[in-house]
Amino acid sequence: QVHLVESGGGSVQAGGSLRLSCVVSGFTDSSYCMGWFRQAPGKGREAVAGIDHDDYTRYADSVNGRFTISQDTQDNGKKISYLQMNSLKPEDTAMYYCAIDFGSGGYCLIQGLYKNWGQGTEVTVSS
């Protein structure tokens with residue numbers, strides 16, 4: 001069973017930074033996408049960033065140049081995805097979710113690709 005746990009959310013002032021982490025266990029496909037998505041209050045969930053097994057990355061226009069997605073693998077084989085968020089804006093306030101599934105390249109920003117999701121971590125940016 002695939003299990004994802006996000007962490008690193010919190011409250012920060014505009015212009016500040018946060019780093020989100022997502023630890024993935026139970027996913028064994030060698031070809032995969034890992035994505036970060038967010039949902040602001042009263043809005044639909046939207047793509048933020050994606051990375052595949054070859055470290056190919058894609059970003060939503062709204063975060064390009066401010067956010068950086070990366071990944072690593074722990075000694076125990078668990079995959080970790082990081083989302084470094086700099087120059088945060090109040091409009092970045094949302095619940096942030098990570099996801100993983102079979103895929104690659106530009107597909108990593110497509111929500112419908114993913115069946116495996118974490119529970120989310122909340123980010124609040126104040127002006």
Side-chain angles (χ1 to χ4, degrees):
Q1 185 174 0
V2 182
H3 191 53
L4 299 90
V5 179
E6 301 100 333
S7 62
S11 297
V12 65
Q13 288 193 325
S17 298
L18 284 172
R19 188 175 84 154
L20 306 184
S21 300
C22 174
V23 179
V24 181
S25 58
F27 188 86
T28 58
D29 284 335
S30 57
S31 296
Y32 60 86
C33 282
M34 284 199 286
W36 284 94
F37 298 82
R38 66 186 182 186
Q39 187 167 17
K43 296 187 178 181
R45 190 163 56 188
E46 63 178 4
V48 175
I51 188 167
D52 74 4
H53 49 276
D54 284 334
D55 281 335
Y56 176 87
T57 58
R58 287 287 302 272
Y59 297 93
D61 290 344
S62 59
V63 306
N64 199 19
R66 300 188 297 122
F67 291 11
T68 303
I69 188 171
S70 60
Q71 62 178 330
D72 201 352
T73 302
Q74 293 180 327
D75 291 342
N76 58 12
K78 291 183 179 180
K79 295 178 177 57
I80 304 176
S81 175
Y82 300 103
L83 186 68
Q84 178 67 44
M85 307 186 296
N86 298 329
S87 302
L88 282 161
K89 303 176 181 180
E91 51 263 45
D92 293 319
T93 294
M95 185 71 78
Y96 283 72
Y97 300 90
C98 68
I100 189 168
D101 221 308
F102 175 81
S104 64
Y107 292 99
C108 295
L109 282 184
I110 299 175
Q111 288 193 50
L113 176 78
Y114 297 95
K115 297 183 296 296
N116 306 298
W117 292 83
Q119 293 300 305
T121 185
E122 191 167 7
V123 172
T124 302
V125 184
S126 58
S127 58

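The figures here come from the full heavy-atom set of this structure, side chains too, leaving out hydrogens, waters and symmetry mates. Here, residue 1 is the first one in the sequence, and each next residue gets the next number.
Considering all non-hydrogen atoms of both residues, Ser87 and Ser17 come closest at N-OG, 4.3 Å. For the residue pair Ala99 and Phe37, the shortest heavy atom distance occurs at CB-CE1, 4.4 Å. Residues Ser104 and Cys33 share a closest heavy-atom pair of N-SG, 3.2 Å.
Judged as a disulfide (SG to SG under 2.5 Å), the pairs with a partner in residues 76-106 (not counting sequence neighbours) are, in order, Cys22-Cys98. Note on residues 75-85: no pairs pass salt bridge (charged side-chain N to carboxylate O under 4.0 Å, His left out), not counting sequence neighbours. Within the structure, the salt bridge (charged side-chain N to carboxylate O under 4.0 Å, His left out) test picks out no pair touching residues 9-29 (sequence neighbours left out). A salt bridge (charged side-chain N to carboxylate O under 4.0 Å, His left out) check over residues 56-66, counting only residues at least two apart or in different chains, returns the pairs Arg66-Asp92. Among pairs with a residue in residues 97-113, those fulfilling salt bridge (charged side-chain N to carboxylate O under 4.0 Å, His left out) read Asp101-Lys115, at least two apart in sequence or across chains. Residue pairs meeting the disulfide (SG to SG under 2.5 Å) criterion with at least one member in residues 54-86, sequence neighbours excluded, do not occur.
Val12 and Phe67 end up in the same hydrophobic cluster when Ile, Leu, Val, Met, Phe, Trp and Tyr side chains are linked at under 4.5 Å. Transitive grouping of hydrophobic side chains (ILVMFWY, heavy atoms separated by less than 4.5 Å) brings Trp36 and Val2 into a common cluster. Transitive grouping of hydrophobic side chains (ILVMFWY, heavy atoms separated by less than 4.5 Å) keeps Val63 and Leu109 in distinct clusters.
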- Query: Checking side-chain contact (heavy atoms from CB on, under 4.5 Å) for the pair Leu113/Phe102: CA distance, chi angles, key distance, verdict?
  - Reply: CA-CA 8 Å; Leu113 176 78; Phe102 175 81; over 6 Å; no
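For Tyr107, the OH atom sits in a loose shell: 12 or fewer heavy atoms of surrounding residues, nucleotides or ligands are nearer than 6.0 Å.
You'll find the side chain of Gln39 reaches within 4.5 Å of the side chain of Tyr97, heavy atoms only. Using a 4.5 Å cut-off on side-chain heavy atoms (C-beta onward), Thr68 and Tyr59 make contact.
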Using a 3.5 Å cut-off and no angle test, enumerate the donor-acceptor pairs between side-chain atoms of residues 41-53 and protein atoms at least two apart in sequence or in another chain.
residue	atom	partner	partner atom	Å
Arg45	NE	Gln111	OE1	3.1
Glu46	OE2	Arg38	NE	2.6
Glu46	OE2	Arg38	NH2	3.1
Asp52	OD1	Asp54	N	2.8
Asp52	OD1	Asp55	N	3.2
Asp52	OD1	Tyr56	N	2.9
Asp52	OD2	Gly105	N	2.9
His53	ND1	Tyr32	N	3.1
His53	ND1	Tyr32	O	3.3

Just distance, no hydrogens or angles: give the donor-acceptor pairs under 3.5 Å from side chains in residues 117-127, sequence neighbours left out.
residue	atom	partner	partner atom	Å
Trp117	NE1	Tyr114	O	3.2
Thr121	OG1	Gly9	N	3.1

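Distance check: Ser81 OG to Asp72 CG gives 10.5 Å after rounding to the nearest 0.5 Å.
Under the side-chain hydrogen bond (donor to acceptor under 3.5 Å, both in side chains) criterion, Gln13 pairs with no residue at all, not counting sequence neighbours. Qualifying side-chain hydrogen bond (donor to acceptor under 3.5 Å, both in side chains) partners for Asn76, counting only residues two or more places apart in sequence or in other chains: Gln74. In this structure Gln84 satisfies the side-chain hydrogen bond (donor to acceptor under 3.5 Å, both in side chains) test together with Asn86, sequence neighbours excluded.
The hydrophobic cluster around Ile80 extends to Val23, Tyr82, counting ILVMFWY residues whose side-chain heavy atoms fall within less than 4.5 Å of a member.
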